[in-house]
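Data block below; observations after.
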Amino acid sequence: MVAVLSFEREMSESNLPQKEASVLKGHEGAVLAARFNGDGNYCLSCGKDRTIRLWNPHRGIHIKTYKSHGREVRDVHCTSDNSKLISCGGDRQIFYWDVSTGRVIRKFRGHDSEVNAVKFNDYASVVVSAGYDRSMRAWDCRSHSTEPIQIMDTFQDSVMSVCLTKTEIIGGSVDGTVRTFDIRIGREISDDLGQPVNCISMSNDGNCTLASCLDSTLRLVDRSTGELLQEYKGHTCKSYKLDCCLTNTDAHVTGGSEDGYVFFWDLVDATVISKFRAHASVVTSVSYHPKEDCMITTSVDGTIKVWKT
């Protein structure tokens, strides 16, 4: 029985992307985030050098640079048809871009402080931003108004991360909560994790939220009941915003560590399936390919790396 289990573990480990396929260089200074686009053919990155960069990670090619932010760019997200992107950062603004021309279509202003995260909704009609000013704000991309259409300001501290479903806006905050706002019925549900939350992501089946907390723990929460399902440990996360996510099959949890390592945990029993040194410094971001066993990581060391099996 033990032999069977160890064989299964070796098999699952061999399917995980741990082989460095390419290094994407171009950013000057820390890279704060990288995101695959909807089909996984391209990725976007952003960082301290105030730029956003578009890449073909599979061929290791830099395609385009977007410059307009006055301070570091903290997050970026692309529409499902790849035509528009949204970005935010230290200059308190949210920039809405045309991907092909590199032109800024609109700037949304209203946050009183740095903006930590942005996301499009499914239809790319609305953008939601999360800020250091303890609020999340929703913006209408189709109207010419620069005022937010909704402000969610019940958080007690900086909002670090945002996720969207078709009907809900979910925010993770340094106040230790993950708050879900149901837009249809105007209801707010708060799950208190007891530790500062610096990143949230959702399982692909939409049933769970994964939260990275500043006590070096990832927590998996059942979205319908708020029950804590599992905790994942071994990495270091005490002072940086570090991304976490589930693999595209929801079989494993992955996240970066402040010592340059990337970890993979078994979703169900929370054992560390694999860990490897990915970067020379803090791993700020991990993004898993929507269909293939491929991952991109970013670091304070200024590099973006593409990992394959």
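Taking the six-membered ring where tryptophan is involved, the planes of W97 and H69 are tilted, since the angle between them lies from 30° to 60°. Between F264 and Y288, the ring planes are perpendicular. Angles over 60° get that label, and only those under 30° would be called parallel.
There is no side-chain donor-acceptor pair under 3.5 Å between T236 and S216. Checking N15 against D293 by side-chain atom types alone, no donor-acceptor pair falls below 3.5 Å. A donor atom on one side chain and an acceptor atom on the other are found under 3.5 Å apart for S285 and D243. Judged purely by distance below 3.5 Å, without hydrogens or angles, the side chains of T65 and H62 pair a donor atom with an acceptor atom. For Q195 and T217, the side-chain atoms include no donor-acceptor pair closer than 3.5 Å. Counting only N and O atoms by type, the side chains of T154 and E188 include a donor and acceptor under 3.5 Å apart. In this structure, a donor-acceptor pair under 3.5 Å is absent between the side chains of W265 and T271.
A 4.5 Å side-chain heavy-atom check between V31 and C46 finds every atom pair outside the cut-off. When side chains are defined from C-beta on, F155 counts as touching T177, because their heavy atoms get closer than 4.5 Å. Contact annotation: the side chain of T303 never approaches that of T298 to less than 4.5 Å [non-hydrogen atoms, C-beta and beyond]. Contact check for C237 versus S212: side-chain heavy atoms found under the 4.5 Å cut-off. I86 is not listed as a side-chain neighbour of V76, based on a closest heavy-atom distance of 4.5 Å or more. With a 4.5 Å cut-off on side-chain heavy atoms, E114 and R71 count as touching. Looking at V253 and L218, their side chains come closer than 4.5 Å, going by heavy atoms from C-beta outward. At least one side-chain heavy atom of D250 sits less than 4.5 Å from a side-chain heavy atom of D205.
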task: Under the side-chain contact (heavy atoms from CB on, under 4.5 Å) rule, what do V262 and F276 come out as? Steps first, then yes or no, please.
output: CA-CA 6 Å; V262 166; F276 60 93; 4.0 Å; yes
task: Decide side-chain contact (heavy atoms from CB on, under 4.5 Å) for F181 and M136; before the verdict, give the C-alpha distance in whole Å, the side-chain angles of both, and the deciding distance to 0.1 Å.
output: CA-CA 10 Å; F181 300 86; M136 291 195 299; 3.5 Å; yes
- request: Please step through ring pair (Phe, Tyr, Trp, His ring centres under 6.0 Å) for the pair W139 and Y96, ending with a clear verdict.
  value: CA-CA 10 Å; W139 315 83; Y96 179 48; over 10 Å; no
Test log, rule salt bridge (Lys or Arg N to Asp or Glu O under 4.0 Å), inputs R35 and D75: CA-CA 9 Å; R35 312 271 178 247; D75 198 12; 3.0 Å; yes
message: For C199 and M160: C-alpha separation, side-chain torsions, deciding distance, then whether side-chain contact (heavy atoms from CB on, under 4.5 Å) applies.
response: CA-CA 6 Å; C199 174; M160 300 302 292; over 6 Å; no
task: Apply the test side-chain contact (heavy atoms from CB on, under 4.5 Å) to residues Y66 and L85: give CA-CA distance (whole Å), side-chain angles for both, the deciding distance (0.1 Å), then the verdict.
output: CA-CA 10 Å; Y66 303 84; L85 65 91; 4.2 Å; yes
- request: Report the C-alpha separation of Q18 and T309 in whole Å, then their side-chain angles, then the decisive distance to 0.1 Å, and conclude whether the side-chain hydrogen bond (donor to acceptor under 3.5 Å, both in side chains) test is met.
  value: CA-CA 6 Å; Q18 307 174 77; T309 52; over 6 Å; no
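If you take NZ on K233 and CG on D215, they are separated by 7.0 Å, rounding to the nearest 0.5 Å. L242 CG to C213 SG: the interatomic distance, rounded to the nearest 0.5 Å, is 11.5 Å. Atom SG of residue C245 and atom CE of residue M202 lie 13.5 Å apart, to the nearest 0.5 angstrom. Between the CD1 atom in I151 and the OG atom in S135 there is a gap of 6.5 Å [rounded to 0.5 Å]. Note that CD1 of I273 and OG1 of T254 are 11.5 Å apart. Values are rounded to the nearest 0.5 Å. Considering CZ of F263 and NZ of K275, their distance stands at 4.5 Å, rounded to 0.5 Å.
Using a cutoff of 4.0 Å between basic side-chain nitrogens and carboxylate oxygens, E168 and R223 are scored as salt-bridged. Contact check on R137 versus D153 returns no salt bridge, with no Lys/Arg side-chain nitrogen under 4.0 Å from an Asp/Glu carboxylate oxygen. Using a 4.0 Å cut-off between a side-chain N of Lys or Arg and a carboxylate O of Asp or Glu, R103 and D98 do not qualify as a salt bridge. For the pair K305 and E20, the salt-bridge criterion is met [side-chain N within less than 4.0 Å of a carboxylate O].
Of the candidates S161, S173, S158, N116 forms a side-chain hydrogen bond (donor to acceptor under 3.5 Å, both in side chains) with just one, namely S158.
In the hydrophobic cluster analysis, where Ile, Leu, Val, Met, Phe, Trp and Tyr join through side-chain heavy atoms closer than 4.5 angstrom, V282 is grouped apart from I304. L228 and L246 are not part of a single hydrophobic cluster, where members link through side-chain heavy atoms under 4.5 Å apart. In terms of hydrophobic clustering, with Ile, Leu, Val, Met, Phe, Trp and Tyr side chains grouped at heavy-atom distances under 4.5 Å, L54 and I52 are assigned to a common cluster. L229 and V272 end up in the same hydrophobic cluster when Ile, Leu, Val, Met, Phe, Trp and Tyr side chains are linked at under 4.5 Å. Note: the hydrophobic cluster containing I200 also contains L193 (ILVMFWY, side chain heavy atoms under 4.5 Å, direct or indirect links).
Across all their heavy atoms, N41 and N56 have their closest contact at O-OD1, 3.9 Å. Listed here is the closest heavy atom pair of P290 and N37: CG-O, 4.2 Å.
Among residue pairs with one or both ends in residues 14-49, those qualifying as ring pair (Phe, Tyr, Trp, His ring centres under 6.0 Å) are F36-H289; sequence neighbours excluded.
Checking side-chain atoms of K119 against main-chain N and O of V162 turns up a donor-acceptor pair under 3.5 Å. At least one donor-acceptor pair under 3.5 Å links the side chain of H77 to the backbone N or O of F120. Without hydrogens or angle criteria, R179 side chain to S190 main chain gives no donor-acceptor distance under 3.5 Å. With hydrogens and angles disregarded, a donor-acceptor distance shorter than 3.5 Å links the side chain of R106 to the backbone of C141. Here the side chain of S299 pairs no donor or acceptor atom with the backbone of V283 at under 3.5 angstrom. A donor-acceptor pair is defined here as one N or O able to donate and one able to accept, closer than 3.5 Å; such a pair exists between the side chain of D175 and the backbone of Q156. Judged by distance alone, the side chain of N198 and the main-chain N or O of L214 form no donor-acceptor pair under 3.5 Å.
Partners of K25 under the salt bridge (charged side-chain N to carboxylate O under 4.0 Å, His left out) rule, at least two apart in sequence or in another chain, do not exist in this structure.
Annotation: cation-pi pair R219/Y232 absent, no NZ/CZ under 6.0 Å from the ring centroid and within 45° of its normal.
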